[in-house]
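We count residues from 1, following the sequence as given.
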Amino acid sequence: MKKNQTADDDDEDLNDTNYDEFNGYAGSLFSSGPYEKDDEEADAIYAALDKRMDERRKERREQREKEEIEKYRMERPKIQQQFSDLKRKLAEVTEEEWLSIPEVGDARNKRQRNPRYEKLTPVPDSFFAKHLQSGENHTSVDPRQTQFGGLNTPYPGGLNTPYPGGMTPGLMTPGTGELDMRKIGQARNTLMDMRLSQVSDSVSGQTVVDPKGYLTDLNSMIPTHGGDINDIKKARLLLKSVRETNPHHPPAWIASARLEEVTGKLQVARNLIMKGTEMCPKSEDVWLEAARLQPGDTAKAVVAQAVRHLPQSVRIYIRAAELETDIRAKKRVLRKALEHVPNSVRLWKAAVELEEPEDARIMLSRAVECCPTSVELWLALARLETYENARKVLNKARENIPTDRHIWITAAKLEEANGNTQMVEKIIDRAITSLRANGVEINREQWIQDAEECDKAGSVATCQAIMRAVIGIGIEEEDRKHTWMEDADSCVAHNALECARAIYAYALQVFPSKKSVWLRAAYFEKNHGTRESLEALLQRAVAHCPKAEVLWLMGAKSKWLAGDVPAARSILALAFQANPNSEEIWLAAVKLESENNEYERARRLLAKARSSAPTARVFMKSVKLEWVLGNIAAAQELCEEALKHYEDFPKLWMMKGQIEEQKELVEKAREAYNQGLKKCPHSIPLWLLLSRLEEKVGQLTRARAILEKSRLKNPKNPDLWLESVRLEYRAGLKNIANTLMAKALQECPNSGILWSEAIFLEARPQRKTKSVDALKKCEHDPHVLLAVAKLFWSERKITKAREWFHRTVKIDSDLGDAWAFFYKFELQHGTEEQQEEVKKRCENAEPRHGELWCDVSKDIENWQKKIGEILVLVAAKLKNTF
């Protein structure tokens with residue numbers, strides 16, 4: 001005992017060298033004590049605490065590790081990054097320099113360069129036979145023979161051996177018999193033939209195994225399970241014990257059969273499952289598995305046996321019908337099944353599907369008697385009956401199943417199909433009342449889904465009646481407008497346009513004075529309806545909302561686009577009465593007259609507008625009209641007059657400067673822009689015009705100074721940064737342009753126009769990386785998406801480029817540059833249909849913005865051009881320089 005205690009003391013090393021001020025001794029002081037349940041609980045609590053504390057610090061720790069890795073990567077870059085500048089210089093290597101690079105010789109020796117593989121050729125049988133006939137030849141001398149002087153043996157008598165007849169006659173002696181290799185080959189073939197004969201199983205005179213293809217057929221017998229052999233053996237043993245323990249347990253027999261099937265032992269599987277049918281004759285699953293595993297006729301016999309044991313099993317009857325190949329046999333099986341199980345909907349449906357319409361109708365009339373609660377059978381019967389009979393059928397169906405909405409909806413569709421549209425509304429209203437009376441909760445979403453299906457089936461009246469009936473169910477009063485607009489958008493997305501139309505009609509009844517609802521409905525009709533439906537809606541809209549200028553303007557525009565100018569004028573006249581002195585309506589009237597070449601009328605209208613409703617925009621339009629018509633003096637006079645009243649309106653200063661520029665009076669133009677900037681220092685287009693004027697006359701330094709000054713007055717403005725970068729690039733100072741771009745992206749990190757420019761400032765190999773960075777910063781910016789599309793175009797990835805162009809115009813259909821590039825792309829790589837589609841979509845979208853687009857559309861010469869013509873002009877100006 002004392003000895004053991006001493007040993008325990010030796011285990012605990014309590015030396016000073018093993019002591020730490022914070023942790024104490026390295027070993028556990030209480031390791032010799034018993035480890036009880038409360039110790040275990042305490043350890044579990046401490047472990048949980050440690051885990052909790054670790055989770056709290058996890059995010060911070062991961063962030064720190066990530067920063068350390070990034071710092072490490074910056075300090076020690078990869079070899080690929082270190083050599084990137086040298087790789088970039090490879091672009092400057094000429095073809096002659098490339099060809100003059102010497103070839104690298106092969107430093108290996110001849111044997112390494114031309115390895116000769118050792119060839120092993122099988123020796124023919126004839127070689128062995130020949131040498132057996134000629135006797136044995138030795139190529140070396142036995143050392144014992146040389147020991148006693150040549151060929152003498154230690155025994156007297158010369159070459160005689162002390163034991164005569166030592167070599168016994170046998171196979172290896174040349175004299176007594178040869179080793180005939182040919183006979184061995186024949187024997188081998190005979191043996192193989194015998195084995196094939198044993199394997200071949202004769203069934204009614206046919207051989208199951210083909211002796212010629214035997215070896216190739218062996219491949220198909222390789223098990224396809226892919227599991228371990230030991231696992232299969234274990235599973236087999238386990239399932240065997242389950243079967244023996246509980247032989248009346250069906251899943252054990254099914255699992256055993258499937259295991260054997262998977263391992264390729266199909267016959268064993270069949271035997272097992274048949275044994276299972278004997279042990280579990282009342283199990284439907286076992287019989288179905290047996291029918292699946294057995295081949296054709298045997299399977300039919302198995303199913304027949306199953307029916308005797310389970311005459312009420314629908315699944316077995318269905319399987320029996322599936323096994324039959326002849327339609328008449330299938331019908332016979334199903335009719336027999338219906339005698340035993342007349343209330344099975346599944347059997348009736350399977351039987352009806354095989355019949356002709358007339359026979360199907362007779363069968364369905366019997367089916368609904370046997371299964372009066374099956375909605376599908378009632379509806380199928382109603383579809384096959386005449387109008388009068390169908391009504392009776394549906395009435396009976398409603399009596400039997402008063403809680404199903406589909407019967408009511410089918411009744412409504414039936415009335416609509418036969419022209420009784422006035423009944424549709426009554427049926428749907430009665431449906432909701434009846435269903436509520438029978439305790440059915442009206443699920444709004446389900447009814448809307450049914451309405452969408454009716455819309456797709458062409459039952460417009462039914463779909464609208466359903467919408468009107470259920471649209472207000474279960475919605476708070478303050479949420480109605482918002483919810484209905486969402487429902488309408490959802491219906492449009494599902495292509496159920498009549499449903500959306502019904503929702504808008506109902507919403508307009510409830511909110512007749514809501515301008516936003518009228519506008520949504522008008523845009524819906526504009527995009528998905530006809531011109532007549534749009535005009536009828538707008539007529540009602542302006543009656544309810546006469547102060548909504550946009551509705552009047554939409555109506556006038558619709559008439560004008562249809563070529564009915566007098567009607568458009570009359571609409572605008574009515575709009576004037578409702579909205580006297582409205583700037584929008586004045587300008588719309590002016591545009592209508594100027595577009596139709598009625599310039600004098602337009603002038604008179606503008607003069608009237610200036611006197612009765614003078615605004616900066618009215619003056620601007622007056623100046624522009626005179627300018628485009630060539631009356632420069634009148635335009636300048638009007639511009640001066642306007643600037644007296646509206647000196648803080650930058651567009652007037654721009655026009656003044658541009659008119660002077662057009663007359664090539666650079667000093668006066670510069671003066672106009674400078675005066676404008678004093679009054680409007682935050683007008684970006686004015687700064688850009690002045691900078692470009694200086695650049696045009698060769699004053700690069702002054703242009704640069706103007707842009708720097710503009711950036712000081714308007715910080716974080718991407719347009720000004722972009723112009724600065726382009727100025728340097730146009731001057732050929734690419735390094736300065738790149739430096740400025742880096743500064744610009746620091747100041748405006750989320751600017752799409754800067755990122756799109758930065759992509760194409762990079763050398764070709766770096767563009768893809770830059771585009772990924774741009775997409776991370778500005779994922780949904782149309783300029784970045786357009787740049788990526790152009791990048792794919794430059795790499796000749798046509799399908800991807802087209803996909804990105806589609807994405808761009810979908811995100812911002814108002815960006816004219818995107819449409820122009822898309823059209824140019826289709827002109828080069830698309831078909832005529834694709835080109836026309838882009839053009840048509842662009843005309844519908846009516847883009848107004850975009851740098852290149854505005855350059856063309858706002859040019860004085862193109863003032864009367866339509867959207868399609870401007871698109872063609874912009875596309876023609878584009879060059880594939882990216």
Side-chain angles (χ1 to χ4, degrees), residues 74 77 80-95 97-98 684 687-712 714-778 781 783-796 817 821 824 850-852 855 877-882:
M74 285 175 72
Q80 183 185 359
Q81 292 169 341
Q82 289 175 0
F83 287 97
S84 60
D85 54 336
L86 297 172
K87 284 165 77 178
R88 214 173 285 127
K89 286 181 184 174
L90 283 174
E92 299 164 14
V93 176
T94 62
E95 195 175 350
E97 286 173 337
W98 188 263
I684 307 304
W687 287 107
L688 297 179
L689 282 168
L690 181 57
S691 159
R692 283 171 192 166
L693 176 69
E694 298 298 355
E695 187 187 356
K696 196 161 75 174
V697 296
Q699 296 286 343
L700 267 179
T701 314
R702 194 179 281 180
R704 208 173 278 139
I706 287 163
L707 286 170
E708 279 181 24
K709 189 177 174 184
S710 71
R711 292 204 304 272
L712 284 171
N714 302 282
K716 296 189 178 180
N717 188 287
D719 294 301
L720 294 172
W721 277 109
L722 182 64
E723 186 62 26
S724 302
V725 171
R726 285 180 178 170
L727 178 72
E728 303 301 343
Y729 196 80
R730 287 194 291 264
L733 304 167
K734 291 184 183 179
N735 290 338
I736 297 175
N738 283 323
T739 311
L740 273 172
M741 180 56 81
K743 284 183 186 174
L745 287 172
Q746 278 181 340
E747 199 168 305
C748 312
N750 299 318
S751 167
I753 51 170
L754 286 176
W755 277 107
S756 61
E757 190 74 14
I759 290 170
F760 290 101
L761 279 179
E762 293 287 339
R764 275 186 183 273
Q766 275 80 47
R767 284 180 185 176
K768 191 171 273 186
T769 315
K770 201 75 173 178
S771 68
V772 172
D773 295 340
L775 284 168
K776 280 179 187 171
K777 290 282 184 185
C778 321
D781 191 284
H783 295 92
V784 173
L785 296 180
L786 178 61
V788 173
K790 284 155 65 180
L791 189 63
F792 282 127
W793 183 6
S794 68
E795 292 173 358
R796 295 291 177 272
D817 291 5
F821 275 108
K824 177 89 173 178
E851 190 183 357
L852 302 166
D855 281 351
K877 280 181 75 175
L878 297 176
K879 292 181 178 62
N880 295 29
T881 52
F882 40 83

Are E695 and R726 ion-paired here, with the side-chain N under 4.0 Å from a carboxylate O?
no

Reported OG-to-CG distance for the pair S710 and L690, which is rounded to 0.5 angstrom:
9.5 Å

Nearest 0.5 Å please: distance from the OG atom of S691 over to the CD1 atom of I706.
6.0 Å

May I ask you to decide whether E762 forms a salt bridge with K768, counting only side-chain N to carboxylate O separations under 4.0 Å?
no

Determine, step by step, whether C778 and H783 satisfy the side chain to side chain contact (heavy atoms under 4.5 Å, CB included) criterion, reporting the C-alpha distance in whole Å, the side-chain angles of both residues, the deciding distance to 0.1 Å, and the verdict.
CA-CA 9 Å; C778 321; H783 295 92; over 6 Å; no

Do the non-hydrogen side-chain atoms of W687 and K709 ever get within less than 4.5 Å of each other?
yes

Test W721 against K716 for side chain to side chain contact (heavy atoms under 4.5 Å, CB included), laying out the working first.
CA-CA 8 Å; W721 277 109; K716 296 189 178 180; over 6 Å; no

Under 4.5 Å between any side-chain heavy atoms of K877 and L852, yes or no?
no

Check L754 against P718 and note the closest heavy-atom contact, atom names and distance.
CD2-O, 3.8 Å

Show, in sequence, the C-alpha distance, side-chain angles and deciding distance for E757 and I753, and conclude whether the side chain to side chain contact (heavy atoms under 4.5 Å, CB included) test is met.
CA-CA 6 Å; E757 190 74 14; I753 51 170; over 6 Å; no

Nearest heavy-atom neighbours spanning I759 and A787:
CD1-CB, 3.9 Å

Can you tell me how far apart CG (L707) and CG (D719) are? Round to the nearest 0.5 Å.
11.5 Å

Could you tell me the separation between the CG atom of L786 and the CG atom of L791, rounded to the nearest 0.5 Å?
11.5 Å

Show the numbers, then the answer: is there a salt bridge (Lys or Arg N to Asp or Glu O under 4.0 Å) between R730 and E723?
CA-CA 10 Å; R730 287 194 291 264; E723 186 62 26; 2.9 Å; yes

Heavy-atom side-chain contact between R767 and K770 under 4.5 Å
no

Does E97 CD have over 12 foreign heavy atoms under 6.0 Å away?
yes

Heavy-atom closest pair, residues F821 and W793
O-CZ3, 3.9 Å

Is there a side chain to side chain contact (heavy atoms under 4.5 Å, CB included) between L740 and L727? Walk through the geometry before answering.
CA-CA 11 Å; L740 273 172; L727 178 72; over 6 Å; no

K777 and D773, any side-chain heavy atoms less than 4.5 Å apart
no

Quick check for you: to the nearest 0.5 Å, what is the distance between L761 atom CG and M741 atom CE?
4.5 Å

Does the side chain of K790 come within less than 4.5 Å of S756's, by heavy atoms?
no

Atom OG in S771, atom NZ in K776: separation rounded to 0.5 Å?
10.5 Å

Taking 4.0 angstrom as the limit, do E728 and R704 come out as a salt bridge?
yes

